[in-house]
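Remember, it's 1-based here, ligands and their atoms both numbered in the order they're listed.
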Amino acid sequence: MIKVDYDFAGICENNELQNLEKEILNSHELIMNANGAGNDFLGWRDLPLQIDCVADIQNVARALREKNDIFVVIGIGGSYLGARAVIEALSSAFANLMSKKNSPIILYAGENLSEDYMVDLLEVLKTKDYSLCVISKSGTTTEPAIAFRILKKELEEKYGKEEAKNRIIAITDKSKGALRGLATENGYKTFEIKDDVGGRFSVLTPVGLLPIAVAGFDIEKILQGAKEIREVLINNKSMTNPAWKYAAFRNLLYAKGKKIDVFLSYLPSLQYLSRWWQQLFGESEGKNGKGLFPVCLLNTTDLHSMGQYIQEGERIMFETILQVENSNKNVEIPFDKDNKDGLNYLLSHSLNEINLVALQATRQAHLSGGVAQVRISVERVNEKILGAILYFFEFSCALSAYTLKVNPFNQPGVEAYKNNMFDLLGKNK
Ligand code: PA5
């Protein structure tokens, strides 16, 4: 389902990757035997086999689809990126302009503190039927908490307190945090985030699955894709394991002084998958003064903004390329008898073929510019393959971070800005 190949652009030899086999095996064993740093956060590893609330999620999602024009997902970081990654990958690029019966538009809040954004959202919600899904593992994160307070007040004013309760779903810790307290007190429908699953590894829990199901996508297929790739990744203890290859490649290039991992996708629908990847790797590896800096670009769009730097700027990066072989929709390039734009030579190609030629041409150009590349290829974008991609990156990330000798599952650095903010706002006075 997922193929990984690479080209070192002359920076390293193939045997150097093979030499990392022992270290990657060690990282693999830390994941499987749960004896590495952060071992109380390994719940994600077996989620595709263990998730026990699929039917409940599907029932709740069905009811929400029937009664809403809009479904607002409130969360930040790992509490919204996974859902948004999958929903945008599978939706029409213009889904928000096409209202369909029993198919609410998904909007997001609590992932920024913009007052204008909030007022614009309230304006849109005024004339629509909507429900709120508030997601926070800790139940205390400021951005979603503020958004929820504002949106809940509007919801209660519109529908009255009783009906508003039926239009709020809370996804949070089973007992801790202010959100759990609010949910219990008001009797909201809740889903639990297990103690051993961290935010950025939570897309295959209700955190990701409920919004994805409300958007109308098949969560069983997503879990099936994750389950199938899991079998491959946990059982193959050799450099033919695609996650081993990716983790080894990243660590090797990092050791050679390449400090930036540029994630390239060629489909606008994958922009949020790229951002989910960025958070997963950035928050898992960037600590103790170490870690690759993950950046995501969208081609061919960004070839006209960042292409110059990648081709000829400082040689500090390598590329992770996500290659999708087939499109799901087709459009013909029309014949023009006058051919004034000179494009008739393209008639034998589909638009997707031309996009893939752009990918190939860019690979050749960047390789000649000394940029090493690891390519992750999938056949197409659908629920099953997305499930596999998500699990593949989670497993690779844990392997890669352990090989770098950091705890993949904590994020102590995030507290610094929060504490300053609380001081500045006078929270603790
Ligand atoms: O990956 C993580 O753990 C973080 O990005 C969190 O998901 C993010 O900070 C939001 O936290 P919470 O779900 O507790 O509101």
Exercise for the section: Looking only at protein heavy atoms, identify the closest one to atom 3 (O) of ligand 1 and say how far it is in Å. Expected result: G199 N, 3.4 Å
Handout entry: Closest protein heavy atom (residue, atom, distance) for atom 5 (O) of ligand 1
Key = Q279 NE2, 2.5 Å
Exercise for the section: Might you work through the side chain to side chain donor-acceptor pair (under 3.5 Å) test for T403 and S27, ending with a clear yes or no? Expected result: CA-CA 6 Å; T403 307; S27 304; 2.8 Å; yes
Show which atoms of ligand 1 fall inside a sub-4.0 Å distance from at least one heavy-atom site of [X].
X	result
E283	1 (O), 2 (C), 4 (C), 5 (O)
S138	12 (P), 14 (O), 15 (O)
S136	12 (P), 13 (O), 14 (O), 15 (O)
G78	5 (O), 6 (C), 7 (O)
T141	11 (O), 12 (P), 14 (O), 15 (O)

Handout entry: Winner among S202, G198, S79 once heavy atoms are compared against atom 13 (O) of ligand 1
Key = S79
Practice task
Just go through D173, I74, I76 and tell me whose heavy atom is the nearest to atom 10 (C) of ligand 1.
Solution key: I76
Exercise for the section: Could you verify whether a donor N or O on one side chain and an acceptor N or O on the other, from N26 and E23, lie under 3.5 Å apart? Expected result: no
Practice task
Determine whether the side chains of E220 and Q224 contain a donor N or O and an acceptor N or O closer than 3.5 Å.
Solution key: no
Exercise for the section: Before signing off on this row, confirm whether G77 and ligand 1 have an N or O atom pair separated by under 3.5 Å. Expected result: no
Handout entry: Ring-ring centroid check Y6 F8, cutoff 6.0 Å
Key = yes
Exercise for the section: Output yes when K405 and E285 qualify as a salt bridge under the 4.0 Å nitrogen-oxygen rule, no when they do not. Expected result: no
Exercise for the section: Answer yes or no: is there a side-chain heavy-atom contact under 4.5 Å between K165 and E162? Expected result: yes
